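Both ligands and their constituent atoms are indexed starting at 1 by order of listing. Here the structure is a predicted model, which means the values were calculated and not measured.
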Amino acid sequence: MSEQMKVPFLDFRPMHDPLREEMDAALTRVCHSDYYIRGHECEAFERAFADYIGVKYCVGVGNGLDAIQLILRAWGIGLGDEVIVPSNTYIATALAASYTGATPVFVEPVLETAEIDPARIEAAITSKTKAIVVVHLQGRPCDMDPIREVAKKHGLHLMEDCAQAHGAKYKGVRTGALSEAGAFSFYPGKNLGALGDAGAVVTDDRELAERVRHIANYGSDVKYHHYIKGMNSRLDEMQAAILALKLPHLDTWNADRVRIAEKYRALITAPEAAQPLPPDEVFSPVYHVYGLRIGGGKRDALRAYLTEHGIETILHYPTPMHLQGAYEELHIPEGALPLAEEFSATEISIPIYYGMTDAQVQTVADAVNGFFA
Ligand SMILES: Cc1ncc(COP(=O)(O)O)c(C=O)c1O
């Protein structure tokens, strides 16, 4: 019997191996520079990333959660305010609103895209609503035109959580440049990842960028002058140097994810496995995650079957935010957000990463089809 091919959920080697020498040199350069936080490496990355996204300003920060929180805080959002977030996202989006003192208000997604449903946003707006945070989940851009219209009509701030969508485009414009501000995470497994925690805020608004920079540095505009109670969330030089040398490869890496997605779409033929929508002239996704939806209560059995066949999977996310202990205080009962609950019960993410071989993609597709055969 031939040996089973293992398919990890993520393998950094195809991405990192060709860059090892460059990465070592960058880390050594920073190590010997005697300057470790917010120096030339950070400045260079901020310039390059702003240019890549197509905005005027980028502020390197500590992580993606802080990036969201910093934007909301810079807008003055806090206690007593409400912030609209998707019901189907990683908890960081909601926590960022909570950390400002505001209350997150969950809006359900569209089942086929997993993204916040623009048609449901207006009904969630109250006199306390101050901002909308959309999330380009799984690397697919949200439908921004109707969302921008609602935000404008009600005078609300609008920002994007781009933690899963580095390089994705909506109508030819990159995520992060589709609203007042974008928040990025460079957690190692993201499409553009650091070697630790890192994040960034991007915007065309000079005042917002400055305020974010100050709040992220203890609320300080001039050294030891603190005009606001800030926090410590700064991009360090090692991470900035690594991100700067990886950034020129991002489009190639994303194109490879699109290639793999196309292959899955063609090879996974089991009708029981609902797949992400393909790209079109409006939506250019970057497939941070390739999430199948498996109905009929069979998701967990499929997962066990894939594990048995050497294929790693992840569930995004097994418990929706409103049913987490962290959000008990909102008293949202089970059944109140049925689409978020459906995602939690049916979603399974199969491997997708730069450098995944055709044979690995075929192995995964065969196993998914085999389970339903
Ligand atoms: C949608 C989303 N928002 C925010 C974050 C938070 O990013 P970080 O882990 O860098 O704080 C993540 C990261 O997992 C995410 O997936």
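At a threshold of 4.0 Å, the pair Asp251-Lys246 does not count as salt-bridged, since none of the basic side-chain nitrogens sits closer than that to a carboxylate oxygen.
Phe186 belongs to a hydrophobic cluster whose remaining members, ordered by chain and number, are Phe45, Phe49, Tyr52, Ile53, Val55, Phe184, Leu192, Val202, Leu235, Leu243, Leu247, Leu250; membership requires side-chain heavy atoms of ILVMFWY residues under 4.5 Å apart, directly or through intermediates. Summarising the hydrophobic clusters (Ile, Leu, Val, Met, Phe, Trp, Tyr; side-chain heavy atoms under 4.5 Å, direct or chained), the residues clustered with Leu339 are Leu111, Phe343.
Within the structure, ring-ring contact (aromatic ring centres under 6.0 Å, His included) pairs that include any residue of residues 258-281 comprise Tyr264-Tyr290 (at least two apart or interchain).
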Contacts table for ligand 1: protein N or O within a distance under 3.5 Å of ligand N or O, distances only.
unit_1   : atom_1 : unit_2 : atom_2 : d
ligand 1 : 3 (N)  : Asp161 : OD1    : 3.3
ligand 1 : 3 (N)  : Asp161 : OD2    : 2.6
ligand 1 : 7 (O)  : Ser185 : OG     : 3.3
ligand 1 : 10 (O) : Gly64  : N      : 2.8
ligand 1 : 10 (O) : Ser185 : OG     : 2.7
ligand 1 : 11 (O) : Gly64  : N      : 3.2
ligand 1 : 11 (O) : Leu65  : N      : 2.9
ligand 1 : 14 (O) : Lys190 : NZ     : 2.9
ligand 1 : 16 (O) : Gln164 : NE2    : 2.9
ligand 1 : 16 (O) : Lys190 : NZ     : 3.2

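Both tests do not hold together for Arg140 against Tyr287: distance to the six-membered ring centre under 6.0 Å, angle to the ring axis within 45°.
In this pair, Tyr90 and Tyr317 present their aromatic rings tilted. The plane angle is within the 30 to 60° band.
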